[in-house]
Each structure stands twice: as structure tokens, then as C-alpha cells.
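Presented below is the structure to which this report refers.
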Protein chains: 2
Amino acid sequence: MIPRAAKTQRRTRIQEEKEEKILEAALDIFSAHGFRGATIDQIAEAAGMSKPNLLYYFRTKEAIHRALLDRMLFTWLEPLRAFDSEGNPETEIRSYIRRKLEMSRDYPRESRLFANEIIQGAQHIEDGLKGPLKELVDEKAEVIRAWIKAGKIAKCDPYHLIFSIWSTTQHYADFDVQVQAVLGDKSGEGRFEDAARFLEELFLRGLGIR
Amino acid sequence: MIPRAAKTQRRTRIQEEKEEKILEAALDIFSAHGFRGATIDQIAEAAGMSKPNLLYYFRTKEAIHRALLDRMLFTWLEPLRAFDSEGNPETEIRSYIRRKLEMSRDYPRESRLFANEIIQGAQHIEDGLKGPLKELVDEKAEVIRAWIKAGKIAKCDPYHLIFSIWSTTQHYADFDVQVQAVLGDKSGEGRFEDAARFLEELFLRGLGIR
DNA sequence: GTAAGCTTTTACCAATCGGTCAAATATCAA
DNA sequence: TTGATATTTGACCGATTGGTAAAAGCTTAC
């Protein structure tokens, strides 16, 4: 009995499969109830295994949560990482909005997991925010500032610009229930395109690009 | 022993005081942990009374939560209600942004309570969303559409415009930890003014108003 | 002051929580 | 085939959960 990642490496195929299944189930549960609201029993049932079996792969509830958040923060930042300082403002901003919006559409559970964590104080991820996230944002804010200086986009606070792109795009994942309640249940795919067009127009015009 | 709101009206002064104290404490706890993550014991302790004493005023945990949400939804919608169809687009949109931003600054707990509820599926408030909220939004969307037809603002989807104002302004309450992590802990009041200026510029230019 | 009603507390409950343990079972290299 | 190791299970634990019962203490109208 050598549990999770102890001796040599990630060993058996079965270990990898089960861990994946647990994380998949945990994403469902944590994103729907937050950390404290989720229970190991729920996750175990959703993963189709007994609770002790689940705890054989992850020692604690927190360990599952942490594994999920680590993986999350990386993919969450990917669109911003792709933000290219060499590109021109219009295409860069436009595609950043697109990518973030696609993430809301394709990975709403991940977005909600993250939102739950932040809203409830980010106690399990605070270091990740003050470290990698802040550094990356600082770097990209500098790019935006350069564009402003070069007269390529209107003068504005780059940090608040980034915040506003985050919030508007994530809104469609995190507040989906509200969006659906207001718009009605019609138009699934159409909704995405509508939102994309609206946000592109808003930000490009708002930045004086056209 | 005639408990909460049974016979005549809201009776004793003490009843009113205690209920207020409970709701105040519950707002702290629910907004920080979500419904399932919050415990009656926590709320009772924060309210400075024993758990049975608290349950004398609110029969169940859900009753407290519901009371809080009812009160919330009303005040949450107030800025949108103030949105005047007779006013001119620039001042109306500008002051709507201001008001929403002030709410994020002055009532962050209420905003987070609401956000928690929506993200976790809005199971306790769904009727409120599909009823009063949707009606009010539909009404104001019509106003915006009229402005577009009159050529007063650029053509855009009014619903997504409202969503984007909601999300950008509420972001400063709901994701405050993240905002602080990125901006550093400096500048409390300055931050609010910076955000207000940025958002006003973004939306007014984005709507072709200037 | 006193009785009726309002408020608070102590003690308690069954259910659920996160987590452990030892034994049983499945897997796989030799 | 076998023995070593990896996986799974059922039974269980103490702590905490939402909530109750009943009696004691407090207010207040009369």
C-alpha cells in the first residue's frame, strides 16, 4: 500500500484513470456548491466509487480542491498569456475577448469553481493570485500602456481594462442562470455569437479603435 | 409563545432588534461561505446569541437566507429602476454605472450574497429572477432600443449592454480579493474613482456617445 | 403585584460530516 | 502459479450539522 505519488512516479494506468475520474466529479460538485458546501460523499458518488476508495487517491477534501485549482489557474490564464505584445491592438483585444468568451462557453464549471473560490475569499489560492497572476497581469498591462503611448488606443487604465474584459466574459459562465432567466431559454449558440459581437464592438469602440 | 410573525404584526421592539441583528450577522456569514457552507452556529455566534434563541426568530436556516435574499433583490434592482426613459442617454447610463459601482463599494456583502446564490444555481431565488427581474430588464431594454432607433446611441443588443454593466461594476465587490491581489493593497478610495472613470469612458465611447 | 405572554437557555437528538482501519480482493511480474 | 503489491470495501469514529423539547427567566398590561 503505497498511496498517491509516493515511491517512483505516477505508476499504474488505473491510478491515472481514477484520479481523472475523481477530479472530473469534484469539478462538478465544487463548482456547484463551493468548497465548504461540497461533501466527499457527493464527489465519491459522482465518481462512482466508495468514499474510502476516493480517499485512497486524495488524502483529504482539500487535496482534491487544491489539485483542481492548480490545474485551473493555469488554463484560466492561458488566453492572457496568448496576448501578444507584437500584434496590433485590434486583433489582440478582439481575440482575447473571443478566447475568454469561448472559455466561458466550453468550461463553465471551471469558471464557476474559480468564481466561488474568489468570492469566498480565495483562501485556497491566494498565493496563486499574488504570484503568477499578478506578474502576468503586470506584464500585459505594460503592453497596453505602450499601445496608449503610441497613440494606438485611447488613454485608459490598463488594469481596469483587463478587469472589465474578465468580468464581462466570465459573466456568461458564472451568472448563466441569470442570463437564461432574462433572455429566456431560447438561442444557445446564437447567444454566444451575440455576446461576442456586442463585446467586440463595445471594447473596440470604447478604446477608440474604430 | 407566539413565534415569528404569527398573530397581529411585528410586535415588540425587541423582536425587531433581534431579527435585524440576525440578518446582519447572517449576511456576513452567507456572503462569505454561500448557503451550504454557512452554519447556524456561526450565524448565532456572530449575532451574539444562542442557536435556539436564533431559531426562535427564524424557524430554519433557509428562512434566514430567504429573508435576506428577498430584501436583497429589491435593493439590487433599485439602480435599474431609477434608469429613466425620459432622461438623455449620456446622463442615464453614466449615473447607472455610478450607482451600481457605489453599491459594489458600499454593499459588497450583499453583492457577494447575490453572486453566491446565482453561481450556485439560484435555487432559492429562481422565481425572483424570472419574475420581477426579467420584467424590469425587459422594460429598460425597450428604452435602450428606443434610443438606438432615435440614433442617440450606437446600435447594440440592449440585453448584453445591461449584462456588461452589471458584470463590470459588480466585479469590484465580488472579485475584490483578486482586484486587491493584482493592484496591491494601495489606494482604497482612489480605486473607486479610477474604476468609475474607466467604465464611464468605456461605455460612453463604446456606445458612440462621444 | 401578578398573571399572561414573550424570550432565553440547557440539554438533547438523529443525521451527516471528514476521515481511519483492517480485512478482503484484484492485479501483475516472476 | 504464486507471492508481492495495488486497490477496494464495510464497519466504524468523533465532531459537527440543522433542529427540538421543555422549562426557566423576563416584560408588560392590568
Side-chain angles (χ1 to χ4, degrees), chain A residues 1-26 28-30 32-69 120 123-124, chain B residues 1-26 28-30 32-69 120 123-124:
Chain A
M1 197 275 280
I2 299 293
R4 45 263 128 173
K7 222 160 50 179
T8 50
Q9 319 176 346
R10 181 165 273 33
R11 338 175 60 30
T12 62
R13 180 186 68 267
I14 184 168
Q15 205 166 105
E16 215 156 329
E17 284 174 8
K18 289 292 170 86
E19 284 181 9
E20 197 46 51
K21 222 171 178 205
I22 291 169
L23 289 177
E24 165 68 21
D28 258 354
I29 306 298
F30 279 130
H33 301 293
F35 179 73
R36 291 199 49 186
T39 72
I40 300 183
D41 296 80
Q42 280 178 301
I43 298 171
E45 200 200 328
M49 64 183 73
S50 66
K51 179 165 61 170
N53 196 10
L54 181 150
L55 287 165
Y56 170 74
Y57 293 103
F58 292 89
R59 243 186 291 269
T60 63
K61 182 182 172 184
E62 243 201 278
I64 314 173
H65 195 239
R66 196 167 31 239
L68 228 37
L69 282 180
Q120 300 189 6
Q123 291 166 347
H124 311 92
Chain B
M1 200 273 282
I2 301 293
R4 45 265 128 174
K7 221 161 52 176
T8 51
Q9 320 177 348
R10 183 167 272 33
R11 340 175 62 26
T12 62
R13 179 187 67 267
I14 185 168
Q15 206 167 102
E16 215 155 328
E17 285 172 9
K18 289 293 170 85
E19 285 181 8
E20 197 47 49
K21 223 171 177 204
I22 291 169
L23 289 177
E24 165 68 21
D28 258 354
I29 307 299
F30 279 130
H33 302 293
F35 179 73
R36 291 199 48 185
T39 72
I40 300 184
D41 296 80
Q42 281 180 300
I43 299 171
E45 201 200 327
M49 65 182 74
S50 67
K51 179 165 62 172
N53 196 185
L54 181 151
L55 286 165
Y56 169 75
Y57 292 102
F58 292 90
R59 244 185 292 269
T60 64
K61 181 182 171 182
E62 245 202 277
I64 314 174
H65 195 239
R66 197 169 28 237
L68 228 37
L69 282 180
Q120 302 189 5
Q123 291 165 346
H124 310 93

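Chain letters run A, B, ... following the sequence lines, proteins first, then strands; residues in each count from 1.
The nearest whole Å value for the distance from the CD atom in A/Glu45 to the C1' atom in C/dC17 is 16 Å. The nearest whole Å value for the distance from the CZ atom in A/Phe58 to the C1' atom in C/dT20 is 19 Å. Between the C1' atom of D/dT27 and the NZ atom of B/Lys18 lies a distance of 13 Å, rounded to the nearest Å.
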Intermediate values then yes/no, side chain to side chain contact (heavy atoms under 4.5 Å, CB included), B/Lys61 and B/Phe35: CA-CA 9 Å; B/Lys61 181 182 171 182; B/Phe35 179 73; 3.9 Å; yes
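For B/Glu45, there are no salt bridge (Lys or Arg N to Asp or Glu O under 4.0 Å) partners, not counting sequence neighbours.
When atom types are taken as modelled, the side chain of B/Lys18 and the backbone of B/Leu54 share no donor-acceptor pair closer than 3.5 angstrom. Using modelled atom types, no side-chain atom of A/Glu19 and backbone atom of A/Glu16 make a donor-acceptor pair closer than 3.5 Å.
Regarding contacts with the backbone of D/dT8, a side-chain N or O of A/Tyr57 is found under 4.0 angstrom from either OP1 or OP2. OP1 or OP2 of D/dA6 has not a single side-chain nitrogen or oxygen of A/Gln15 nearer than 4.0 Å.
Side-chain contact between B/Thr39 and A/Arg36 is present, with at least one heavy-atom pair separated by less than 4.5 Å. Between B/His124 and B/Glu62 the shortest side-chain heavy-atom distance falls below 4.5 Å.
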Summary of protein contacts for nucleotides 9-22 of chain D, nucleotide by nucleotide, where a base hit scores B, a sugar-phosphate-only hit scores S (4.0 Å, heavy atoms): BBB-----SBBB--
